[in-house]
Amino acid sequence: MKFSSKSEKKIQNQFLKKGYYVFNIKNKSNLNIIKNRVIKLSKAWLKKKSIKVKNISLFLDNLHNYINPRDLNEFRMHIYNEINNSKDFQKLYYTLGKDYIDILCGNELVMQRRCNLSIQLPKDDSSLLPLHADVWVGDSEYEIVFWLPLVNVYKTKAMYILSPEDNFKYSKKFSKFKSTEQIFKKIKNKLKWIKVDFGQGLLFTQNLMHGNVVNKENSTRISFNCRFKSAFSLYRDKELGSFFTPITIKPTTIIGMDYEFPDA
Ligand SMILES: [Fe+2]
């Protein structure tokens, strides 16, 4: 950070202080390509089930009018597979957060091969992510998550995160709790619910405790999330090749990796 510009430092300091950063996406055309692709795939899936879409405006917010919780996972997996199989998706996704990911994480990056898709229908408790930190279950502590909502998220429609300060405090008391549910109850009023509008992106460190609850708002939440890390930072269970793919490796690194010392 020593030689970061003033504007970069502002972003970096805020990320260090809060553990997350919300930004306005500049590349609106790529954002709309992704959103429209999701809508098109959704409509095609619904058509196969003979379900007609009546009103295309606010279609994603109203997904619960078309999909019942029983079919939600099949629907979600269909969109997840189709969109991740499209050749340009990863690049489109990266371009939306590139400026900030580079400032916060690095310029020789690896990216999760397949972006996760998460959908929370109102009042549905079947796809919850209770309090957790991904680093507890095999993710590298050097990862940043780029979280992209396709609808406005707020209150219980949003995700929550614990501040770095409280995360440190409660991590130290971890053994005193019997379950993460117990921790959740204890820290409930300390959690920050991150409001993110469609057109914005959220970057956060998954080292901090985070999660979601039942969506008590009256519209659906649909969001992508994808992990990035510096290529040469520590890997845990999620490995380069199987989980991560290099996206911005520079020529000097390629030359370095190929170098062989002369025979002695
Ligand atoms: Fe997570």
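Order of listing sets the numbers, starting from 1, for every ligand and every atom in it.
Side-chain contact, Asn27 with Ser29: a donor N or O sits under 3.5 Å from an acceptor N or O.
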Phe228 and Tyr142: CA distance, side-chain angles, deciding distance, ring-ring contact (aromatic ring centres under 6.0 Å, His included) verdict: CA-CA 9 Å; Phe228 293 83; Tyr142 294 90; over 10 Å; no
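Using a 4.0 Å cut-off between charged nitrogen and carboxylate oxygen, Glu143 and Arg227 count as a salt-bridge pair. Salt-bridge formation is detected for the pair Lys26/Asp99: a Lys NZ or Arg NE/NH1/NH2 atom is positioned less than 4.0 Å from an Asp or Glu carboxylate oxygen. The residues Asp166 and Lys192 are annotated as not salt-bridged, no charged nitrogen and carboxylate oxygen being separated by less than 4.0 angstrom.
Protein atoms that are N, O or S and lie under 2.8 Å from the Fe ion (ligand 1) are these: His132 NE2, Asp134 OD1, His210 NE2.
Under a cutoff of 6.0 Å and an axis angle of 45°, Arg114 and Tyr80 form a cation-pi pair.
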